[in-house]
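Reading through the structure tokens given below for one structure.
Sequence lines set the chain letters: A, B, ... in the order given, protein chains first and strands last, and positions in each chain run from 1.
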2 protein chains.
Amino acid sequence: MQLMSSEAPEFRLEDFLPYRLSVAANRVSRRFADRYGAAFGLSIPEWRVMAVLGRFGRLPAREITARTAMDKVKVSRAVRQLEGRGFLERAADAADARLHWLALSEAGQGAHAAIVPMAREMEAEVVQGLTAEELALLHAALGRIAERFPGEGVD
Amino acid sequence: MQLMSSEAPEFRLEDFLPYRLSVAANRVSRRFADRYGAAFGLSIPEWRVMAVLGRFGRLPAREITARTAMDKVKVSRAVRQLEGRGFLERAADAADARLHWLALSEAGQGAHAAIVPMAREMEAEVVQGLTAEELALLHAALGRIAERFPGEGVD
DNA sequence: TCCAGGTAGTTTCAAATGCAACTGATGTCA
DNA sequence: TGACATCAGTTGCATTTGAAACTACCTGGA
């Protein structure tokens with residue numbers, strides 16, 4: 001191997017996009033988990049399940065996995081927690097005994113209504129300091145990345 | 001509670017920035033971990049340690065934690081793996097017996113040189129379709145988010 | 001009717017994670 | 001000097017995780 005006058009530039013981890021993406025995402029997730037946990041005793045998977053049920057009303061677990069980008073094991077465990085806490089109710093499907101329809105209970109709806117404003121506040125914190133242009137681009141870029149990197153139940 | 005003609009808009013998880021950020025980052029990380037793992041038997045923490053050592057030569061573990069955004073436990077374990085694999089060497093500091101200087105071995109340098117191009121390729125896949133300007137904005141946005149959400153050893 | 005193959009959801013088990021406690025060493029300040 | 005806080009790094013332990021196996025059920029032929 002010959003020494004060239006112009007070598008490849010050294011690799012800078014701190015400028016490596018996948019690394020930066022991971023650091024930013026994990027820090028935000030950590031902060032959010034702390035807050036959901038402190039305020040409502042919920043984990044992020046549990047909150048995601050509540051979020052989609054709050055929006056769609058009744059869903060079978062299979063639909064929750066699709067709409068939360070979590071795998072079915074994670075959903076199954078989050079559902080069990082939420083059921084134990086009285087935040088959701090499960091009903092067997094009349095026609096297909098494999099299906100369980102899941103829906104927020106009264107208490108779950110109350111919790112959902114309380115959490116949503118907090119989630120919006122936290123999102124505002126993340127976005128704070130970004131220009132509208134940056135925000136739009138960030139959303140677009142995240143969408144493209146998620147498309148280009150599909151994942152079954154990948155979070 | 002009174003029904004208003006204009007209610008708060010429903011909460012859409014799929015538009016929630018923290019969620020999108022997490023999904024994108026985790027999918028990219030997953031893909032990368034698969035590739036590093038298949039090609040070199042490295043985990044992401046191990047690769048991060050190699051990356052900073054490849055750039056800075058010799059560092060004590062403490063510096064690695066700072067430069068990889070990982071906590072010291074994760075660094076400690078990654079270092080042990082890499083040492084066992086013969087990718088790095090450890091030397092006690094002459095003046096301070098608490099410090100261990102870590103550096104890539106010959107084999108480690110070879111692996112580093114082989115991995116860097118692969119990492120660049122994967123980064124190119126992530127940013128594919130973005131203009132230089134968009135990329136700069138994305139970097140700026142991620143930087144601002146990471147600043148606003150500091151974390152000790154948060155990944 | 002029967003069965004091969006598919007689906008919904010749970011369980012099992014091993015690996016990854018992270019906090020807290022720990023060891024050994026150094027700094028500091030009276 | 002000596003007592004005590006601090007630092008580098010490791011270990012213990014409980015929690016989270018996910019891949020694969022498993023149970024129960026359904027469906028579409030033959």
* **Between P of D:dA8 and CE of B:Met70, the distance in whole Å** => 16 Å
* Ignoring backbone atoms, test whether A:Ser76 places a side-chain nitrogen or oxygen under 4.0 Å from the OP1 or OP2 oxygen of C:dT10. => yes
* Check the distance between D:dT15's C1' and A:Ile44's CD1 and give it to me in whole angstrom. => 15 Å
* For residues A:Ser22 and B:Arg48, is any side-chain donor paired with an opposing acceptor at under 3.5 Å? -> yes
* To do: Kindly indicate, with the supporting measurements, whether the criterion side chain to side chain donor-acceptor pair (under 3.5 Å) is fulfilled by B:Arg144 and A:Thr131.
  => CA-CA 11 Å; B:Arg144 239 166 278 170; A:Thr131 65; 5.9 Å; no
* Please determine, for the side chain of B:Arg62, which listed nucleotide (C:dT26, C:dG9, D:dG9) has the closest atom? => D:dG9
* Look at A:Arg77 and D:dT15 and indicate whether a side-chain polar atom (N or O) is within less than 4.0 Å of OP1 or OP2. => no
* Between D:dC7 atom P and B:Ile64 atom CD1, what is the distance in whole Å? -> 19 Å
* Starting at OH of A:Tyr36 and ending at P of D:dT16, how long is that distance when rounded to a whole Å? -> 17 Å
* To do: Report yes if the distance between the aromatic ring centroids of B:Trp47 and A:Phe11 is under 6.0 Å, otherwise no.
  => yes
* Structure fact -> When rounded to whole Å, the CG to C1' distance for the pair A:Leu42 and D:dT16 reads 16 Å
* Asked: Does C:dA8 have OP1 or OP2 sitting under 4.0 Å from an N or O in the side chain of A:Arg90?
  -> no
* To do: From the options C:dT10, C:dC19, D:dG9, select the nucleotide whose nearest atom is closest to the side chain of B:Val73.
  => C:dC19
* Structure fact -> Rounded to whole Å, the CZ-C1' distance (A:Arg30 to D:dT16) equals 12 Å
* Asked: Taking the side chain of B:Arg98 as its heavy atoms from C-beta onward, which of C:dT17, C:dT7, C:dT26 lies nearest to it?
  -> C:dT26
* Validation row: B:Met50, B:Arg55 side chains within 4.5 angstrom (heavy atoms) -> no
* To do: Nearest whole angstrom, please: distance from the C1' of D:dC7 to the CG of B:Leu99.
  => 9 Å
* To do: Could you tell me whether B:Ala95 contacts a base, only the sugar-phosphate backbone, or nothing, with contacts defined as non-hydrogen atoms closer than 4.0 Å?
  => sugar-phosphate
* To do: Start with the C-alpha gap between A:Arg148 and B:Glu125, add the side-chain angles, then the distance that decides, and say whether salt bridge (Lys or Arg N to Asp or Glu O under 4.0 Å) holds.
  => CA-CA 8 Å; A:Arg148 196 187 318 285; B:Glu125 267 180 64; over 6 Å; no
* To do: Go through C:dT26, C:dG9, D:dC25 for me and flag the one nearest to the B:Asp96 side chain.
  => C:dT26
* Asked: Just how far, in rounded Å, is C1' of D:dG18 from NZ of A:Lys72?
  -> 12 Å
* **Nucleotide nearest A:Lys74 when distance is taken to its side chain, options D:dT17, C:dT26, D:dG9** => D:dT17
* Out of C:dT17, C:dG9, D:dA8, whichever nucleotide has its closest atom nearest the side chain of A:Ala61 -> C:dG9
* Asked: Taking the side chain of B:Pro60 as heavy atoms from C-beta outward, which of D:dG9, C:dT26, D:dC26 is closest to it?
  -> D:dG9
* Proximity to the side chain of A:Asp71 - top-ranked nucleotide from D:dC25, D:dG18, C:dG9 -> D:dG18
